[in-house]
> 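Just dropping this structure here.
Just so it is clear, the structure is predicted and the values come from calculations on it, not from any experiment.
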Amino acid sequence: MVGRIGTAGMLVLALAACAGGGGGPAAPSSAAAAAQPSPAASAPTSQKPRAGEVERLLKAMSREEKVGQLFMPVVYGTAADTVSGENQARFGAQTPAKVVAKYHLGGVILFPANVKSTAQVVRLANGLQAAAKRVPLLIGTDQENGLVSRMSALMTDLPSADRIGATGDTEFSRAVARATGDELKALGVNLDFAPVADVNLNPRNPVIGRRAFGDDPAKVAKMVSAAVKGFGESGVASTAKHFPGHGDTATDSHTGLPVIKHTRAQWEKLDAPPFRAAIDAGVDAIMSAHIVMPKLDDSGDPATLSKPILTGLLRDKLGFKGVISTDALNMGGVRKKYGDGEVAVRAVLAGADLLLMPADFPKAYNAVLGAVKSGRISEARLDASVTRLLTLRKNRGFLTEAPKASAEQAAKVLRSAKHRKLAARAAG
């Protein structure tokens, strides 16, 4: 769903975390070693965990902790100790900090309703990190700039992907991503669900449109590559989305299940180039799309639940060794055939590592835990995902010590004169 994110809480209904919106805080209701990603581009070098630190952490975790690491839900409140009936109803814990501790969460995603001021977001991020006892949290958001900008109340109004693409300047793409990452990092956010790697092939596309760098696969690939490098320079993890390509749809995957009838050859030519470029540039994560591509997998399942697509194409064909994230699991496109628990299990079996925003969190968590206990999801498969998630942290410099944001530093970085000048380039 495409939403204009302005004031906090206004557009947080059924907006999804990546295809434009979904379920933000105002919404009711052996294998491990082989799975390690290669270091992402421009990974920080200030903290270098000793060799074997990932393996030692993995070995120290209980099964429940490992399962918790796979999940990134929304939490409710503007402080880690905010008491919320929504948290109690959804998680059986009153505050964001207690939710993190109860489920050993791997991450939390922030939406406009979590945002009031720079100092407040810094306190929230630091408080959430303090609640994560063994492994620092992945604190994520959707800051694409333009239409999907969860932190727009605080951050520089940097140009959207289509405006960047129109300049044809890859260094501009890199600089905007670097500035975006610098501002997010100052707030305590260490994972951005950007850049969009979709090629906007269908002018009637209701969900991508201006969020894409353009309609030419080769040009989009160059812009995506540059953006990934810019995020890497900032130290914030980047996520290319939405694999295998959401650009040629006329259906919104928040409410329906789009079907794209590209042949394998068409996919290779039209959809794949930006994802290949992102991988070559060292992207930390790639997000799945809730779309059906019957020529790539004839099961009728969306890519998020498709082993031929996530494992066969993304892992084996394209050679991606990083984190695979689902699109938001509360979106209509992924909930058509299976219940909320089964969706989470099938996403893991398909190849996903990070389960984003399940509609019914306890049901999803318990279903994955039950599948591991029964052997449906093997211990090796679980360990492979946790290893990739830990390695992302290692590559970004916060495996052994949680990053701590500073309100004073954030005040200097956010909307700095340098970043405002950069924003003005596209307008001029």
> Do the non-hydrogen side-chain atoms of Val413 and Gln409 ever get within less than 4.5 Å of each other?
yes

> Say you draw a straight line from OG of Ser325 to CG of Leu392; how long is it, rounded to the nearest 0.5 Å?
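CG of Leu392 is found 10.5 Å from OG of Ser325.
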
> Do the side chains of Arg393 and Glu401 get close enough for a salt bridge, i.e. N-O under 4.0 angstrom?
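Salt bridge between Arg393 and Glu401, a charged N being under 4.0 Å from a carboxylate O: no.
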
> Enter the distance from Leu57:CG to Lys394:NZ here, rounded to the nearest 0.5 Å.
10.5 Å

> Evaluate the criterion side-chain contact (heavy atoms from CB on, under 4.5 Å) for residue pair Leu349 and Arg376; output intermediate values, then yes/no.
CA-CA 9 Å; Leu349 292 172; Arg376 185 179 176 196; 3.7 Å; yes

> In sequence, state the C-alpha distance, the side-chain angles, and the governing distance for Phe193 and Thr141, and then conclude on side-chain contact (heavy atoms from CB on, under 4.5 Å).
CA-CA 6 Å; Phe193 290 108; Thr141 197; over 6 Å; no

> What's the spacing between Lys66 NZ and Met61 CE if we round to 0.5 Å?
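So the gap between those two atoms works out to 8.5 Å.
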
> Out of curiosity, Leu58 CG to Thr387 OG1, how far, rounded to the nearest 0.5 Å?
4.5 Å

> Enter the distance from Lys307:NZ to Ile309:CD1 here, rounded to the nearest 0.5 Å.
14.0 Å

> Would Glu408 and Ser406 count as having a side-chain donor-acceptor pair, cut-off 3.5 Å?
yes

> Apply side-chain hydrogen bond (donor to acceptor under 3.5 Å, both in side chains) to the pair His104 and Gln69, showing each step before the final yes or no.
CA-CA 7 Å; His104 318 287; Gln69 287 299 302; over 6 Å; no

> Just how far is it from atom CZ of Arg63 to atom NZ of Lys373, taken to the nearest 0.5 Å?
6.5 Å

> Taking all non-hydrogen atoms of both residues into account, name the closest pair between Ala367 and Val345 and its distance.
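The answer is O-CG2, 3.5 Å.
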
> Test salt bridge (Lys or Arg N to Asp or Glu O under 4.0 Å) on Arg150 and Glu144 and set out the steps.
CA-CA 8 Å; Arg150 310 303 188 199; Glu144 298 173 12; over 6 Å; no

> Donor-acceptor pairs under 3.5 Å, side chain of residues 217-225 to any protein atom, not counting sequence neighbours: which ones?
none

> Is the Phe243 ring parallel, tilted or perpendicular to the Phe275 ring (thresholds 30°, 60°)?
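Phe243 and Phe275: perpendicular rings.
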
> How would you list all residue pairs meeting side-chain hydrogen bond (donor to acceptor under 3.5 Å, both in side chains) that involve residues 353-369, not counting sequence neighbours?
Arg315-Asp353, Asp353-Ser385, Asp353-Arg388

> Got a sec, which residues hit salt bridge (Lys or Arg N to Asp or Glu O under 4.0 Å) with Arg415, two or more places apart in sequence or on another chain?
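Partners of Arg415 by the salt bridge (Lys or Arg N to Asp or Glu O under 4.0 Å) criterion come out as none, since no residue qualifies.
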
> How close do Ala423 and Thr156 get, counting heavy atoms only, and between which atoms?
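Where Ala423 meets Thr156 most closely, the heavy atoms are CB-CG2, 4.1 Å.
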
> Between Tyr103 and Phe71 (judged by ring centroids, cut-off 6.0 Å), do the two rings come close enough to count as a pair?
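Ring centres of Phe71 and Tyr103 not closer than 6.0 Å.
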
